Amino acid sequence: MKPLWTTPQQAQDTGELLDSAFRLFKHSLPSVLPFSFAIALFNQLLSLFLPDAQVTDETQMQAALETLSILLWPFMLGMIFLTNAMLYQIGAVLYQRQLSRGQILRFALQKLLPVFAAAVIYAVIIFFGLMAFILPGIILSVSLFFYQQEILFENRTILNALLVSHQRSWRYWWRVSIMLGVALMLMLAVNLIPLTIVGSLFYTASGPATGFHTAVTLTSIVCSSLATPYFYAVVMVTWHDLKLRTEPPPAKPSEENQDSKPSTSDSDDFLA
């Protein structure tokens with residue numbers, strides 16, 4: 001019988017990675033759920049400011065877009081802060097570390113601006129890559145994807161994080177693409193299938209029934225709160241697997257020091 005969670009020490013094939021990701025998801029969900037729930041609520045709050053598709057007045061539409069453009073930057077900062085915190089919590093489980101909620105939030109805040117700057121650079125690179133015959137943007141979107149993990153857990157600078165992510169992922173681009181693709185498809189399924197069922201139950205021939213929007217909103221929040229941690233569990237085990245494949249194994253501590261000094265890895269920077 002497998003233990004609840006053990007940190008993988010060797011590179012794994014795709015099936016083993018998916019199994020590890022699901023076990024990591026189950027083991028980390030209780031501690032991660034407050035962050036994923038906050039992210040789901042944050043998304044719903046932003047949707048309140050989206051322009052109504054039925055609005056035809058240009059002045060109202062322009063005012064709504066201006067409000068949205070003002071709110072977009074603080075929204076991005078808030079989302080990055082919550083995602084940082086969730087990744088740190090999953091990382092604590094992945095590397096079997098004990099971190100308080102206060103430590104998690106402090107680490108997430110310390111890395112907020114570097115991750116935000118890297119996210120902007122990442123988006124710009126992908127945009128121009130997509131403009132250049134689409135394929136370069138798709139390739140770079142995968143190979144540069146792990147910049148956030150490099151900043152959070154390896155304490156790298158912004159540009160170095162993007163570069164190292166590319167170097168780690170380049171030889172294993174197809175493997176990473178499959179892992180991220182499976183995680184995205186499952187995430188979409190968990191979000192869309194219940195929404196479709198709930199929507200059909202509250203939709204009549206004459207239109208949406210009473211409580212339709214409330215039911216859809218609540219379903220969306222619950223599904224997103226469960227799907228998001230799974231996606232990032234896949235991301236974390238995939239990144240950890242890339243580290244095992246591209247870095248030499250850490251030196252084992254001498255026997256006389258094993259009882260007094262726990263073994264460490266490159267990922268211990270976020271514990272400092």
Side-chain angles (χ1 to χ4, degrees), residues 5-12 17 20-21 24 28 31-32 35 77 79-100 102-126 140-173 175-177 179-180 183 229 231-253 261-272:
W5 175 254
T6 55
T7 307
Q9 300 299 318
Q10 295 180 340
Q12 300 175 301
L17 281 176
S20 293
L24 178 60
S28 62
S31 57
V32 167
F35 298 120
L77 287 170
M79 287 294 292
I80 288 173
F81 171 71
L82 292 172
T83 304
N84 284 356
M86 184 167 59
L87 285 170
Y88 273 130
Q89 187 67 73
I90 296 175
V93 176
L94 173 62
Y95 292 107
Q96 302 180 46
R97 309 305 190 199
Q98 294 295 325
L99 294 176
S100 68
Q103 287 176 303
I104 292 288
L105 294 175
R106 188 176 78 251
F107 294 146
L109 185 60
Q110 288 173 349
K111 297 296 184 179
L112 174 60
L113 293 182
V115 173
F116 174 76
V120 172
I121 296 173
Y122 175 82
V124 170
I125 292 174
I126 302 310
L140 291 172
S141 68
V142 173
S143 67
L144 300 177
F145 183 81
F146 298 102
Y147 68 87
Q148 190 171 7
Q149 283 69 34
E150 296 295 336
I151 292 174
L152 296 182
F153 298 99
E154 298 292 316
N155 203 30
R156 299 190 189 277
T157 60
I158 296 168
L159 295 179
N160 188 239
L162 290 161
L163 178 62
V164 172
S165 174
H166 178 74
Q167 292 172 340
R168 290 194 200 279
S169 305
W170 185 246
R171 284 182 56 195
Y172 307 100
W173 190 90
R175 174 187 292 272
V176 174
S177 299
M179 291 297 299
L180 296 181
F231 174 79
Y232 282 107
V234 174
V235 169
M236 287 299 295
V237 297
T238 303
W239 175 72
H240 176 71
D241 187 75
L242 288 174
K243 278 172 56 64
L244 293 174
R245 292 174 182 273
T246 57
E247 293 182 357
K252 295 183 179 179
K261 184 178 180 180
S263 60
T264 60
S265 69
D266 290 338
S267 298
D268 288 345
D269 285 341
F270 77 106
L271 297 173

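Since the model is a prediction, treat every value here as computed from it, not as a measurement.
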**Student:** Rounded to the nearest 0.5 Å, how far apart are CH2 of W239 and CE of M179?
**Tutor:**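 Reported value, rounded in 0.5 Å steps: 15.0 Å.
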
**Student:** S28 side chain to A233 main-chain N or O, any donor-acceptor pair under 3.5 Å?
**Tutor:**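 No, S28 side chain to A233 backbone: no donor-acceptor pair under 3.5 Å.
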
**Student:** I'd like to check the salt bridge (Lys or Arg N to Asp or Glu O under 4.0 Å) partners of R156; sequence neighbours left out, ordered by chain and number.
**Tutor:**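 For R156, the residues satisfying salt bridge (Lys or Arg N to Asp or Glu O under 4.0 Å) (neighbours in sequence not counted) are E150, E154.
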
**Student:** Considering residues at least two apart in sequence or located in another chain, which fulfil the side chain to side chain donor-acceptor pair (under 3.5 Å) criterion with Q149?
**Tutor:**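 In terms of side chain to side chain donor-acceptor pair (under 3.5 Å), with neighbours along the sequence ignored, Q149 is linked to no residue.
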
**Student:** State which residues pass side chain to side chain donor-acceptor pair (under 3.5 Å) with S20; sequence neighbours excluded, sorted by chain then number.
**Tutor:** Q12

**Student:** Taking all atoms of both residues into account, what is the closest heavy-atom pair of A161 and I151, and its distance?
**Tutor:**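 Scanning both residues, the minimum pair turns out to be CB-CG1, 3.5 Å.
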
**Student:** For R245, enumerate each residue passing the salt bridge (Lys or Arg N to Asp or Glu O under 4.0 Å) test, keeping only those at least two apart in sequence or located in another chain.
**Tutor:** D241

**Student:** Give the C-alpha distance, both sets of side-chain angles, the deciding distance and a yes or no for side-chain contact (heavy atoms from CB on, under 4.5 Å) between S143 and W173.
**Tutor:** CA-CA 7 Å; S143 67; W173 190 90; 4.2 Å; yes

**Student:** Please identify each residue that fulfils side-chain contact (heavy atoms from CB on, under 4.5 Å) with I125, with sequence neighbours left out.
**Tutor:**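 Testing I125 for side-chain contact (heavy atoms from CB on, under 4.5 Å), a comparison that skips the adjacent residues, returns I121, L140, L144.
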
**Student:** Please name the pair of heavy atoms, one in M86 and one in V32, separated by the smallest distance, quoted to 0.1 Å.
**Tutor:**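 Shortest heavy-atom contact: CG-CG1, 3.3 Å.
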
**Student:** Once ring pair (Phe, Tyr, Trp, His ring centres under 6.0 Å) is applied, do any residues pair with Y122, and if so which ones, sequence neighbours excluded?
**Tutor:**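 In terms of ring pair (Phe, Tyr, Trp, His ring centres under 6.0 Å), with neighbours along the sequence ignored, Y122 is linked to Y147.
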
**Student:** Is a side-chain N or O of Y88 found less than 3.5 angstrom from the main chain of L152, in a donor-acceptor match?
**Tutor:** yes

**Student:** Ring pair (Phe, Tyr, Trp, His ring centres under 6.0 Å) with W170: which residues, sequence neighbours excluded?
**Tutor:** H166

**Student:** Looking only at heavy atoms, which two atoms of T246 and R168 are closest? And how far apart?
**Tutor:** OG1-NH1, 3.1 Å

**Student:** Could you pull out all residues at least two apart from T7 that satisfy side chain to side chain donor-acceptor pair (under 3.5 Å)?
**Tutor:** Q96

**Student:** Do N84 and Q148 have side chains that get closer than 4.5 Å, going by heavy atoms?
**Tutor:** yes

**Student:** Among L180, L242, T238, L17, which residue meets the side-chain contact (heavy atoms from CB on, under 4.5 Å) test with R175?
**Tutor:** L17

**Student:** Can you name the side-chain contact (heavy atoms from CB on, under 4.5 Å) partners of A85, sequence neighbours left out?
**Tutor:**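 If we apply the side-chain contact (heavy atoms from CB on, under 4.5 Å) test to A85, skipping adjacent residues, the hits are F35, I104, L105, A108.
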
**Student:** Walk me through it: do V164 and F146 pass the test side-chain contact (heavy atoms from CB on, under 4.5 Å)?
**Tutor:** CA-CA 9 Å; V164 172; F146 298 102; over 6 Å; no

**Student:** With sequence neighbours left out, what residues match L109 under side-chain contact (heavy atoms from CB on, under 4.5 Å)?
**Tutor:**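 With neighbours one apart ignored, the set is F81, L112.
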
**Student:** To the closest 0.5 Å, what do you measure between CG (L82) and CG (L77)?
**Tutor:** 11.0 Å

**Student:** Distance check, rounded to the nearest 0.5 Å: I80 atom CD1 versus L87 atom CG?
**Tutor:**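 Going from CD1 on I80 over to CG on L87, the span is 11.5 Å.
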
**Student:** Taking the side chain as everything from C-beta on, heavy atoms only, tell me whether F145 gets closer than 4.5 Å to V176.
**Tutor:**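 No. Closest side-chain heavy atoms not under 4.5 Å.
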
**Student:** Should the ring pair F153 and Y95 be called parallel, tilted or perpendicular, given that the plane angle runs from 0 to 90° and is split at 30 and 60?
**Tutor:** tilted

**Student:** Heavy atoms only: give me the nearest M236-I90 pair and the separation to one decimal.
**Tutor:** CG-CG2, 3.8 Å

**Student:** Within the structure provided, determine whether K111 and F107 are in side-chain contact (heavy-atom separation under 4.5 Å).
**Tutor:** no

**Student:** What are the two closest non-hydrogen atoms of A11 and L244, and how far apart are they?
**Tutor:**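 For A11 versus L244, the nearest heavy atoms are N-CD1, 4.0 Å.
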
